[in-house]
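Working notes, structure below.
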Amino acid sequence: MAIDLKERVRDVPDWPEQGVVFRDITPLLRDPEALDQTVRDLAEWGAERRPDVVGAAIAREIGCGFVPARRPGKLPPETIGATYALEYGQNTLELHPETIRKGDRVLIHDDVLATGGTVEAIAGLVESLGAEVVGVAFIIELTFLGGRERLQKYDFHSLITY
């Protein structure tokens, strides 16, 4: 029987700032059955895109490689990075350029889609290395922030929408 994954997401009002409702997936990740269903559902959609690399749990399920994108200073040199705007500031993500090869098929996964800035930045890095973004997948999509429109050129999937 399928689990209603939305029931496993906790609303945290006024975090990280007044007026924002943070959608916390920690309870979903803590629940073994909900986590298993989340990974299986994302992997089922992702496998059809035949990626060479994707996020860790989904990569294991699909049988492809994993490439992490991390905050500055969390990966040893050499890295390439992209700075992007957040709903409440800006940030930078980096990855090792040799982990994405020309012609690779890359499925980008993030837990929550808000404005789309994070995934747009990573997709730009991937494409600058000569790889193809074959899709973008999310556990949660915050539809009112318009991230899907920002990523409209990519094959798109989300499990839960608000």
Side-chain angles (χ1 to χ4, degrees), residues 2-3 5-6 8-9 23 25-26 28-87 90-143 145-161:
I3 296 168
L5 297 176
K6 202 171 197 176
R8 302 300 197 282
V9 177
R23 307 294 183 176
I25 65 167
T26 305
L28 182 149
L29 299 175
R30 172 68 176 89
D31 180 324
E33 285 103 16
L35 176 60
D36 184 60
Q37 179 178 317
T38 299
V39 171
R40 277 187 289 109
D41 290 353
L42 290 169
E44 181 179 308
W45 182 85
E48 295 172 6
R49 277 118 198 106
R50 300 181 331 274
D52 295 305
V53 294
V54 70
I58 299 168
R60 183 190 170 281
E61 191 76 15
I62 293 175
C64 66
F66 164 66
V67 174
R70 305 284 312 270
R71 302 281 185 250
K74 300 293 183 183
L75 293 172
E78 162 191 352
T79 63
I80 59 171
T83 299
Y84 57 96
L86 296 166
E87 307 79 83
Q90 70 175 29
N91 211 335
T92 300
L93 286 175
E94 299 178 334
L95 55 82
H96 289 293
E98 72 278 1
T99 59
I100 305 284
R101 295 185 286 270
K102 186 175 183 170
D104 273 352
R105 298 171 52 81
V106 179
L107 174 62
I108 299 173
H109 163 68
D110 202 355
D111 55 349
V112 177
L113 172 64
T115 64
T118 305
V119 170
E120 185 178 56
I122 291 299
L125 281 178
V126 166
E127 292 166 344
S128 75
L129 294 168
E132 175 189 2
V133 176
V134 296
V136 294
F138 307 90
I139 298 171
I140 294 176
E141 176 187 1
L142 303 176
T143 58
L145 293 174
R148 181 186 290 245
E149 289 75 27
R150 192 171 185 174
L151 302 172
Q152 64 185 341
K153 72 179 192 177
Y154 303 111
D155 200 2
F156 185 97
H157 184 64
S158 65
L159 298 179
I160 302 168
T161 58

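As the structure is a computational prediction, the values presented were derived from the model and not from experiment.
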- Query: Would you find a donor on one side and an acceptor on the other, under 3.5 Å apart, between the side chain of Glu141 and the backbone of Arg148?
  - Reply: no

- Task: May I ask you to test the Val67-Val126 pair for a side-chain heavy-atom distance under 4.5 Å?
- Result: no

- Item | Euclidean distance, Asp36 CG relative to Asp41 CG, rounded to 0.5 Å | 9.0 Å

- Task: Taking all heavy atoms of Ala131 and all of Val106, pick out the closest pair and write down the distance.
- Result: CB-CG2, 4.1 Å

- Does NZ belonging to Lys74 count more than 12 external heavy atoms closer than 6.0 Å? no

- Task: Using ring-ring contact (aromatic ring centres under 6.0 Å, His included) as the criterion, list what pairs up with Phe156, not counting sequence neighbours.
- Result: Phe138

- Not counting sequence neighbours, which residues clear salt bridge (charged side-chain N to carboxylate O under 4.0 Å, His left out) with Arg150? List them please. Glu120

- Identify, with sequence neighbours excluded, every residue that meets salt bridge (charged side-chain N to carboxylate O under 4.0 Å, His left out) alongside Glu94. none

- Straight-line distance of Asn91 CG to Thr118 OG1, nearest 0.5 Å: 7.5 Å

- Message: Within the structure provided, determine whether Ile140 and Asp111 are in side-chain contact (heavy-atom separation under 4.5 Å).
- Response: no

- Rounding to 0.5 Å, atoms OG1 (Thr38) and CD (Glu33) come to a distance of 11.5 Å

- Message: Would the distance check show the side chain of Lys6 and the main-chain N or O of Leu159 forming a donor-acceptor pair, the cut-off being under 3.5 Å?
- Response: no

- Message: If you define the side chain from C-beta out and look only at heavy atoms, does anything of Arg71 sit under 4.5 Å from Leu93?
- Response: yes

- Task: Could you grab the distance from atom CD1 of Ile160 to atom CD1 of Ile25, nearest 0.5 Å is fine?
- Result: 8.5 Å

Donor-acceptor pairs under 3.5 Å, side chain of residues 46-60 to any protein atom, not counting sequence neighbours: which ones?
residue : atom : partner : partner atom : Å
Arg49   : NE   : Asp155  : OD2          : 2.6
Arg49   : NH1  : Trp45   : O            : 2.5
Arg49   : NH2  : Asp155  : OD2          : 3.0
Asp52   : OD2  : Arg105  : N            : 2.7

- Task: Please report the shortest heavy-atom distance between Tyr84 and Ala82, naming the atom on each side.
- Result: CD2-O, 3.7 Å

- Note on the structure: Heavy-atom nearest pair, Leu95 first then Pro68, reads CB-O, 3.6 Å

- Message: Tell me the closest heavy-atom pair linking Leu28 and Ala34, and the distance in Å.
- Response: O-CB, 3.7 Å

- Sorted by chain and number, sequence neighbours left out, salt bridge (charged side-chain N to carboxylate O under 4.0 Å, His left out) with Arg101 holds for none

- Item | Partners meeting salt bridge (charged side-chain N to carboxylate O under 4.0 Å, His left out) with Glu127 (sequence neighbours left out) | Lys153

- Approximate separation, where rounding is to 0.5 Å, of Leu35 CG and Ile139 CD1: 8.0 Å

- Step by step, work out the side-chain contact (heavy atoms from CB on, under 4.5 Å) result for Leu129 and Ile80. CA-CA 10 Å; Leu129 294 168; Ile80 59 171; 3.7 Å; yes

- How long is the span from the OG1 atom in Thr79 to the CD atom in Glu98, to the nearest 0.5 Å? 9.5 Å

- Query: Would a distance-only check, ignoring hydrogens and angles, find a side-chain to backbone donor-acceptor pair under 3.5 Å from His157 to Val136?
  - Reply: no

